[in-house]
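Input: a single structure, listed below in structure tokens.
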Amino acid sequence: MNIAPSNDPAAPQDAPGVPVATVAGTGDNAARAAAPGAVADSRTADVSTTLNAWFLANARDLPWRREGFGAWGILVSEFMLQQTPVKRVIPRLQEWLARWPTPADLAAVPPSEAVRAWSSLGYPRRALWLHAAAVQITEQHGGVVPSDIDALLALTGIGDYTARAVAAFAYGHRHPVVDTNTRRVIARAVAGAGEPAPPSRGRDLEAMGALLPGSALEAALFNAAIMELGAVVCTSRSPHCDICPIRDDCAWRAADYPEFTGTRKTVQKKFAGSDRQVRGLIMAELRSTHRAVTEAEIASLWPEAAQLQRALHSLVADGLAVDSPDGYTLPDGMS
DNA sequence: CACGCGTGGCC
DNA sequence: TGGCCAAGCGT
């Protein structure tokens, strides 16, 4: 996301293909000019105005918010951030972009290299999907990350959130972007519920759309601002209501923090002893070498043979492991 | 729509 | 200690 909290008064507007990087300086001015005193008296300001001003003053300095980070960098960051914490993503992202500065660079290497570089980010299917998306971008879009939501949705591994995030943060387009943080903030501040109901594309987009400022500039900023609030202030377990910029506008606080009563999102299954753990063990073994891993070596990874075979076969089905004459390898893209 | 999918940090 | 959680996606 190219909205930096730094100043850049001379920045150009969001012409097509130009990152919103520039929103920082101009957005700051616009926000303050539009609603003087917004920070001092949040009760009289729109939530978007208040949050945008707060964001400009308090946003974390993250790599993808730097000016000129580029649509490819933003796309890669969004893939990595799918269910993986910011702190763990940052070093991998820097390495990744240094090695593959364009989609064509990634498309030119076998998927095995992407899976290896993904390292321990988790959910290695995402590495495969990112590689596939790079091939599609190279072959179908002239190596340029698309800016159109439908074109982005057609890429492997890109769903509704990522498509909208790229369109809004890399290209400055005015779309509601809804992630888990956004959903939680809206559930609390607007609906007065302790946590959001399970995701519903239609409802979520409508709720965010109702809050979205009219200008593309302010909208892109607000999409990022509400996510940031959910990530650092209005957190899932122990929200920091004492420092929240919209505490006086918050329906949840006004109702004295009622407990959540609706349908909770499905609880994550226990990891220890799960197929996911076994898959992880196998993948770590495959990543650790450039030669084929034998059946015997795989067998040594887990005591229960049936579960091991189930995990191994599922990895083959996913394209993360390939059955070769000498054993199993990462996908080399030759088959 | 509910589920399966890695990994590790945090309280 | 161990359950909960983290900028989702595909099926």
Side-chain angles (χ1 to χ4, degrees), chain A residues 1-3 55 59-60 62-65 73-93 115 118-130 132-133 152-170 176-185 195-204 208 223-232 234-240 263-287 307 310-311 313-315 317-321:
Chain A
M1 202 265 311
N2 262 349
I3 300 170
F55 180 69
R60 291 169 294 174
L62 301 174
W64 45 92
R65 290 176 178 167
I74 290 176
L75 179 65
V76 174
S77 77
E78 294 297 349
F79 264 88
M80 291 184 170
L81 287 164
Q82 291 168 4
Q83 296 289 280
T84 298
V86 166
K87 205 170 301 179
R88 210 180 314 161
V89 162
I90 290 175
R92 289 288 95 74
L93 177 65
V115 173
W118 198 255
S119 185
S120 59
L121 281 177
Y123 291 149
R125 295 188 297 184
R126 291 180 295 154
L128 225 44
W129 292 340
L130 177 53
L152 286 161
L153 281 173
L155 301 177
T156 307
I158 292 193
D160 208 59
Y161 163 75
T162 304
R164 289 166 173 280
V166 170
F169 300 146
V177 179
V178 180
D179 79 332
T180 186
N181 293 305
T182 302
R183 294 178 52 255
R184 185 172 54 251
V185 172
E195 53 184 276
S200 162
R201 184 197 129 90
R203 277 204 312 275
D204 295 342
M208 184 58 179
N223 277 317
I226 195 168
M227 285 172 61
E228 182 80 350
L229 188 78
V232 305
C234 193
T235 54
S236 181
R237 251 179 303 183
S238 50
H240 308 288
T263 306
R264 287 174 181 276
K265 67 177 175 186
T266 49
V267 184
Q268 202 171 68
K269 271 176 65 179
K270 185 176 357 186
F271 179 71
S274 67
D275 285 7
R276 281 194 303 172
Q277 182 184 14
V278 183
R279 284 169 54 108
L281 290 171
I282 297 171
M283 287 306 299
E285 187 70 18
L286 294 180
R287 284 196 306 264
Q307 187 179 21
R310 187 167 67 240
H313 292 330
S314 75
L315 288 172
D318 286 345
L320 284 165

Can you find a pair of side-chain heavy atoms, one from [X] and one from [Y], that are under 4.5 Å apart?
X        : Y        : value
A:Tyr123 : A:Arg276 : yes
A:Glu78  : A:Tyr161 : yes
A:Met208 : A:Ile226 : yes

Which listed nucleotide ([options]) is nearest to the side chain of [X]?
X        : options              : value
A:Tyr123 : B:dG9, B:dG6, C:dA6  : B:dG6
A:Glu78  : C:dA7, B:dG6, C:dA6  : C:dA7
A:Arg88  : B:dC10, C:dG8, C:dA6 : C:dA6
A:Thr266 : B:dC3, B:dT7, C:dA7  : B:dC3
A:Gln82  : C:dA7, C:dG8, C:dC5  : C:dG8
A:Arg125 : C:dA7, B:dG4, C:dC5  : B:dG4
A:Gln83  : B:dC10, B:dC5, C:dG8 : C:dG8
A:Arg276 : B:dC5, C:dA6, B:dT7  : B:dC5

Checking all strands, does [X] fall into the base, sugar-phosphate, or nothing category for heavy-atom contacts under 4.0 angstrom?
X        : result
A:Phe79  : nothing
A:Ser236 : sugar-phosphate
A:Ile158 : sugar-phosphate
A:Pro124 : sugar-phosphate
A:Ser274 : nothing
A:Arg287 : sugar-phosphate

In whole Å, what is the span from the [atom1] atom of [X] to the [atom2] atom of [N]?
X        : N     : atom1 : atom2 : result
A:Leu320 : B:dG6 : CG    : P     : 7 Å
A:Asp204 : C:dC9 : CG    : P     : 12 Å
A:Asp160 : C:dG8 : CG    : P     : 13 Å
A:Leu62  : C:dA7 : CG    : C1'   : 10 Å
A:Arg126 : B:dG6 : CZ    : P     : 10 Å
A:Met227 : C:dA6 : CE    : P     : 12 Å
A:Arg237 : B:dG9 : CZ    : P     : 14 Å
A:Leu130 : C:dA7 : CG    : P     : 19 Å

Answer with yes or no whether A:Thr156 presents, from its side chain, a donor or acceptor under 3.5 Å of a partner atom in the base of C:dG10.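 Such a pair does not exist between side chain and base.
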Does any N or O donor sit under 3.5 Å from an N or O acceptor when you compare the side chain of A:Gln268 with the base of C:dA6?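 For A:Gln268, whose side chain was compared with the base of C:dA6, there is a donor-acceptor pair (under 3.5 Å).
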How do A:Arg279 and A:Pro199 order along DNA chain B: which one's closest nucleotide is nearer the 5' end?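 Nearest nucleotide further toward 5': that of A:Pro199.
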Contact nearer the 5' end of DNA chain B, comparing A:Asp318 with A:Pro198: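 This one resolves to A:Pro198.
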Residue-phosphate contact under 4.0 Å: [X] side-chain N/O, [N] OP1/OP2:
X        : N     : result
A:Arg184 : C:dA6 : yes
A:Thr235 : C:dC5 : no
A:Lys270 : B:dC5 : no
A:Arg183 : C:dA6 : no

Considering non-hydrogen atoms only, spot the tightest contact between A:Ala231 and A:Arg184 and give its length.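 Closest approach of A:Ala231 to A:Arg184, heavy atoms only: N-NH2, 4.4 Å.
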What closest approach, in Å, do A:Arg125 and A:Asp318 show between heavy atoms, and which atom pair accounts for it?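 For A:Arg125 versus A:Asp318, the nearest heavy atoms are CD-OD2, 3.6 Å.
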Would you check if there is a donor-acceptor pair between the side chains of A:Thr162 and A:Gln82 at a distance under 3.5 Å?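 Yes, side-chain donor-acceptor contact under 3.5 Å.
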Rounded [atom1] spacing from [N] to [M] in Å:
N      : M     : atom1 : answer
B:dC11 : C:dA7 : P     : 15 Å
C:dG10 : B:dC1 : C1'   : 13 Å
B:dC5  : C:dG2 : P     : 23 Å
B:dG8  : C:dC9 : P     : 23 Å

Answer yes or no: is there a donor N or O on one side and an acceptor on the other, between the side chain of A:Arg126 and the main chain of A:Gly157, under 3.5 Å?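 Side chain of A:Arg126 to backbone of A:Gly157, a donor-acceptor pair under 3.5 Å: no, none is there.
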Between A:Glu195 and A:Ser236, is there a donor-acceptor pair closer than 3.5 Å when you use the side chain of the first and the backbone of the second?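 No, the answer is negative, given that no donor and acceptor are paired below the 3.5 Å cut-off.
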Report the residue (A:Leu155 or A:Leu81) whose heavy-atom-nearest nucleotide on DNA chain C is the more 5′ of the two.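 Nearest-nucleotide comparison on DNA chain C picks A:Leu81.
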Applying the Watson-Crick and G-U wobble criteria at under 3.5 Å, what pairs with B:dC3? Answer none if nothing qualifies.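 Base-paired to C:dG10.
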